[in-house]
Amino acid sequence: MIKKVNTMSIRRTLLAAATVVVAAVGSPALAEETYTLRLAETWGPNSPILGETTKHFEDMLEMMSGGRIEVRIDSANKHKAPFGIFDMVRSGQYDMGHTASYYYKGSIPNAMYFTTVPFGMLAPEQYAWFYYGGGMELMQKVYEPYGLLSFPGGNTGNQMGGWFNEEINSLEDLDGLKMRTPGFAGEVMSELGVAVTNLPPGELYTALERGTIDALEWVGPALDFPMGFHQIADYYYSGWQEPGAEVQFLINQKTWEELPEELQEILRVAMRTAAYDMYAKSTNDNAQAWERMKEDYPNVEHKVFPPEVMDALRETTHRLLAEEAENDPLAREIITSQREYLKTVRKWTNISDKAYLDSVADQ
Ligand code: CA
C-alpha cells in the first residue's frame, strides 16, 4: 500500500487549529494520511457486472473517505493472472483482490464453500448466514492462516444450469455427455458419467460450436448473452449447482491493520454496499437479457432437469460433501454450519417467497 502524508490537509488543519485555542497538538487530524490500495481483479477490463462492481467500490471509497483512500484497479489484462489473485494478495504484491474463492480450491480447499454450494442457499439466505449466522467468522477462520481477510464481494444470483444441444430426459442422457462445468459441480457431474472439462471462457463458444463439448454452463442470461451460446444451442436449463454464487473481496491483513479504524469502517461499508448492489444489478441485467434473448431467438427453449436427474445430482452432492466433512475438521464445521442454517432459513423462505410465488399466477 502506498501511504502519503497529505501536506495540504495538514496545512489546513494547522490553520484551523491556530484559531481554536483548545485544539490539541498531535491530534490524529494533524497526521492525516492518504492511502492507495492496489486491487487486482480476476475479470477483464470493462467486464459487465463484475467489473462494474469494483468500479462502484472504488468510486464510493474515494468519495466516502474524502479522498483519503484511492483505489488503483488492475484487470486481468494487466496482471495476467486471473486465477492468481489469492497468491498476489497473500504475498503483498496487491493490497486487495476481487475474485471468487472457489477458484482456489487447489491451494485452500475450504475456501470453496464461501462462493456457493450445489443445492445450497439462495443469495438472501446466504447473506443472512454470512452476516448473522456465523458465516463471516468461519470464512475468517479459513483465511487467517494466510494473512488475509475475506468479505462478500457481490452475488450473481441463481445461476443457470447451462446450454445443451440435446434435451436431458433421463440419467442415461448424461452418460458420456461432454460438458464444461467447473468446481464441485464438475465433480458431481463426473460421478454421473459426464465427461467434464473446464475450458477458459474465451474458448467456450468455439468448443460448443465445433462439438468438442455438447453442453456448458457459464452464469446466467446477462453474462451468457454476450457469449452467443443461444445461437448454437437450443436448450437452456435452470440450475442446481450455483444457487447464489458470491464473489469476494480479499485484503492483505497488513494493509488492513495499517488503516485507521474509521477508514477500515468506510472500507467495510463500501464492500458491503458494492456486494449487495452487484446482486441487484445481476437481477436487473439477467431479466433484461432473458427478455431480449426470448424475443430475438425463439429457438431458445427454457427447461428444467427431470426429477430423476435432480435426485441423482442431489444425492451425489450430499455424498461428496459428507466425504469432505469426513476428511477435514474445518470442512466439517463449515458444511455443518451451512446445512443447519439452511434447514432453518429455508422454512422461512418456503412460507414466504416460495408460497407467494406458488400462489400467484405467472406475471
Ligand atoms: Ca457458473
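From a predicted model like this one, the values you see are computed outputs, not experimental measurements. We count ligands from 1, going down the list as the structure has it; atoms in each ligand are counted the same way.
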Check: Phe184 ring centroid to Tyr102 ring centroid under 6.0 Å: no

Parallel, tilted or perpendicular: ring planes of His98 versus Phe249, cut at 30 and 60 degrees: tilted

Arg319 bridged to Glu323 by N-O distance under 4.0 Å: yes

With sequence neighbours excluded, residues passing ring-ring contact (aromatic ring centres under 6.0 Å, His included) with Tyr103: Phe83

SB check Asp277 Lys281 (cutoff 4.0 Å): no

Nearby protein N/O/S atoms (those under 3.0 Å) for the Ca ion (ligand 1), with water ignored: Gln159 OE1, Glu217 OE1, Glu217 OE2, Trp218 O, Glu242 OE2

Tyr143 ring center near Tyr146 ring center (under 6.0 Å): no

